[in-house]
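Report on one structure; see the data block that follows.
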Amino acid sequence: VDYPLAIRHRNGAVMDVLYNASVYRDESGAVAGVFAAARDITERKRAEDELRRAKDQAEAANRAKSVFLATMSHELRTPLNAILGFSDLMRNDPDITDGQRENLEIINRSGGHLLSLINDVLDMAKIEAGRVVMEIKPFDLGALALDITNMLRVRAEEKGLRLTLDQSHELPRFIKGDQDKLRLVIVNLVNNAIKYTNHGEVILRMGIQPEVEDIRLIIEVEDTGVGVSQEDQADIFKPFVQVGKPATQKGTGLGLAIVKEYVQLMGGRIGVESVLDKGSLFRAIIPATSAEEGEVAAPQSVTAQVAGLEPGQPRYRIMIVEDQQENWLLLRRLLEDAGFEVKVAANGEEAVKMFQSYRPGFIWMDRRMPVMDGLEATRRIRALDGGKDVKIVAVTASALTEDRAEILSIGMDDFVRKPYRPMEIFDCMAKHLGVRYVYKQTAPTGVGALVPAAELAGLPATLRRELADGLILGNVERLAELMTRVERQDAALAKSLARHINSFNYLPILKALETSETNFKEPAP
Ligand code: ADP
């Protein structure tokens, strides 16, 4: 065996050597001496160190680039949403000419395309910056597959394609894994299959690899579409690569790159087999572990709403620290309606002052504020008398996946991401304060209220498409953003739509959206 050692040369220089020693024995077997050799590896070690340094540097630079990109894309989205929102609006103006309306449609469509590009770049950048964390939880895989198929079937049938789900009987119904990422992977593959197929069918096949101990999910999406030539097959998973006839390109070229990254993050791999003009078969193999039905969190009773506090509990004093009026107005109303006592501080400095007189038991702390931000305010409050006992929960709007550990390390108890659903707020307070609520059961929206199909048809085409994509992916954040655009168009529609969305009643909305799209293209004679 070689032992690495640092030794001092006779000339005083320190050098790295690999040292190797063995004993030799005389005829009787007694140790007669030691043979030792040291090989000078100073040069080799220096080269290795240099290489490692260069690699570290390159990795750090790459991470910095990705963080920059992620932040940048987030900043770009805000003004772009204004462009989209106002071009949506102007289109309803009765005074504009047909020519102007056409120009507005182009602005709107281009803006929509730009937004999906930015969203995809943001997703890629987050992955590359190492900001995407896996959230492993037990979930109902069977329900996921069925839900995706039902949602996308609307889209397939609109093109005259058949979409079927072929589920192996060996497929475990419940597994532990990252449900949202798996959903995105399957949705992207099936969406592509529909996009690049004009006749025939698309099959989503779900099974497991036999004869291996752990579960390996096999997800196959097969279509009878345009296919991908042999030489292009390796390239389509690279960012921005689009192949085939230019007329058939309809996306950003990032979809499959993101899919591949996600599959790899989950520890799996993905490939394609395809024959041009015959069809394609995308196959992903992803490791998972099985779960029991009991472990799967019961789907939050989506029709339940907090009616108030259960009687006989201590009086809870809550402080909201938030500079933006529209945000604190909403949160204050929510909490006061439930029966909490609430005060608002407009920034960190006010919060520190108010804490000493008001003595809240719970603080909702915005992170970014003028004068003093949420982190600094938390640090100061924690240092005050009684400041260790108050529960402080951050409300963050960051585009990047917040590192839970970082939030906890600065002394906060938890965080909730904006935009939040009311139940998230109440659940968080129940978790940290032990508050108990009484609930009111509202009529499930699906039964009572109808989806306003005619009004949905009046929305701009780009917005309808984006809404449909948001619903299929179940992307709550993006849906909230889109709802503000719907609100500018038609406040009443936004309100009734919000009721359906808040109770996860997605499929009827989707059906209405995709049907109105057909109506839009082929107006009744
Ligand atoms: P895009 O946004 O262009 O769809 P993707 O990364 O999802 O980007 O796909 C990259 C390219 O791979 C597409 O532009 C298309 O040429 C090809 N492709 C993807 N899926 C299929 C499919 N099911 N059938 C044929 N070609 C496909």
Side-chain angles (χ1 to χ4, degrees), residues 73 109-128 132 148-149 151-153 155-166 181-206 218-265 268-284 462 465-466 468-470 472-473 475 478:
S73 351
R109 243 193 337 261
S110 314
H113 183 69
L114 188 52
L115 187 62
S116 49
L117 252 175
I118 291 172
N119 284 335
D120 283 353
V121 169
L122 179 59
D123 282 345
M124 270 308 277
K126 279 200 263 184
I127 297 168
E128 287 185 353
V132 174
I148 294 176
T149 325
M151 293 256 219
L152 288 171
R153 181 168 297 123
R155 195 165 276 185
E157 282 174 355
E158 199 192 326
K159 280 188 81 178
L161 303 172
R162 200 169 55 219
L163 172 63
T164 39
L165 170 63
D166 177 2
K181 295 195 180 61
L182 194 60
R183 183 182 194 100
L184 186 131
V185 166
I186 302 176
V187 165
N188 265 307
L189 292 177
V190 178
N191 241 339
N192 271 353
I194 297 172
K195 204 157 66 171
Y196 298 107
T197 302
N198 298 319
H199 311 282
E201 63 176 338
V202 173
I203 306 169
L204 167 61
R205 234 177 262 115
M206 309 262 295
I218 304 182
I219 298 164
E220 289 181 350
V221 178
E222 189 172 359
D223 64 49
T224 52
V226 298
V228 184
S229 72
Q230 194 79 34
E231 62 264 35
D232 286 334
Q233 286 174 17
D235 288 335
I236 55 173
F237 293 99
K238 293 179 186 155
F240 297 114
V241 172
Q242 298 181 308
V243 300
K245 296 186 212 81
T248 63
Q249 297 171 1
K250 288 165 195 151
T252 61
L254 278 165
L256 283 179
I258 293 171
V259 162
K260 187 172 180 195
E261 294 280 356
Y262 273 13
V263 168
Q264 286 175 346
L265 270 174
R269 59 203 152 81
I270 183 166
V272 62
E273 291 164 22
S274 183
V275 179
L276 216 49
D277 292 327
K278 285 272 184 304
S280 314
L281 172 65
F282 286 80
R283 181 185 294 116
T462 343
R465 185 72 187 189
E466 285 175 59
D469 285 343
I472 291 169
L473 283 174
N475 189 331
R478 221 157 277 175

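One-based numbering, in listed order, for ligands and for the atoms of each. Below, all heavy atoms of this structure are taken into account, side chains as well, without hydrogens, waters or symmetry copies.
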Show the atoms of ligand 1 that are less than 4.0 angstrom away from any heavy atom in [X].
{"X": "T252", "answer": "2 (O)"}
{"X": "K195", "answer": "1 (P), 2 (O), 4 (O)"}
{"X": "V243", "answer": "14 (O), 16 (O)"}
{"X": "G253", "answer": "1 (P), 2 (O), 3 (O), 6 (O), 8 (O)"}
{"X": "A193", "answer": "23 (N)"}
{"X": "V228", "answer": "25 (C), 26 (N), 27 (C)"}

Check: Looking only at atom types and distance, does a side-chain atom of R153 sit under 3.5 Å from a main-chain N or O of T164, one as donor and one as acceptor?
Finding: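 Not at all, since once roles are kept as given, no pair shorter than 3.5 Å links the two residues.
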
Note to self: When you measure from the side chain of T197 to the backbone of I194, do you find a donor-acceptor pair of N or O atoms at a distance under 3.5 Å?
What the structure shows: no

What closest approach, in Å, do [X] and [Y] show between heavy atoms, and which atom pair accounts for it?
{"X": "G279", "Y": "S274", "result": "O-OG, 2.9 Å"}
{"X": "R283", "Y": "L281", "result": "NH2-CD2, 3.7 Å"}
{"X": "K195", "Y": "K159", "result": "O-NZ, 3.2 Å"}
{"X": "R155", "Y": "A468", "result": "NH2-CB, 3.5 Å"}

Note to self: Checking contacts here: is it the side chain or the backbone of V241 that comes within 4.0 Å of ligand 1, counting heavy atoms only? Could be both or neither.
What the structure shows: backbone

Next item on the list: Classify the contact between V226 and ligand 1 as side chain, backbone, both or neither, using a heavy-atom distance cut-off of under 4.0 Å.
Entry: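 Side chain only; the backbone of V226 stays clear of ligand 1.
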
Contact (N/O only, under 3.5 Å) between [X] and ligand 1:
{"X": "F282", "result": "no"}
{"X": "L256", "result": "yes"}
{"X": "G255", "result": "yes"}

Check: Considering only heavy atoms, which of L189, N191, I236 lies nearest to atom 12 (O) of ligand 1?
Finding: I236

Margin query: Could you measure the distance from the CD1 atom of I148 to the CG atom of L182? Nearest 0.5 Å is fine.
Written below: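 Interatomic distance, I148 CD1 to L182 CG, rounded to 0.5 Å: 7.0 Å.
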
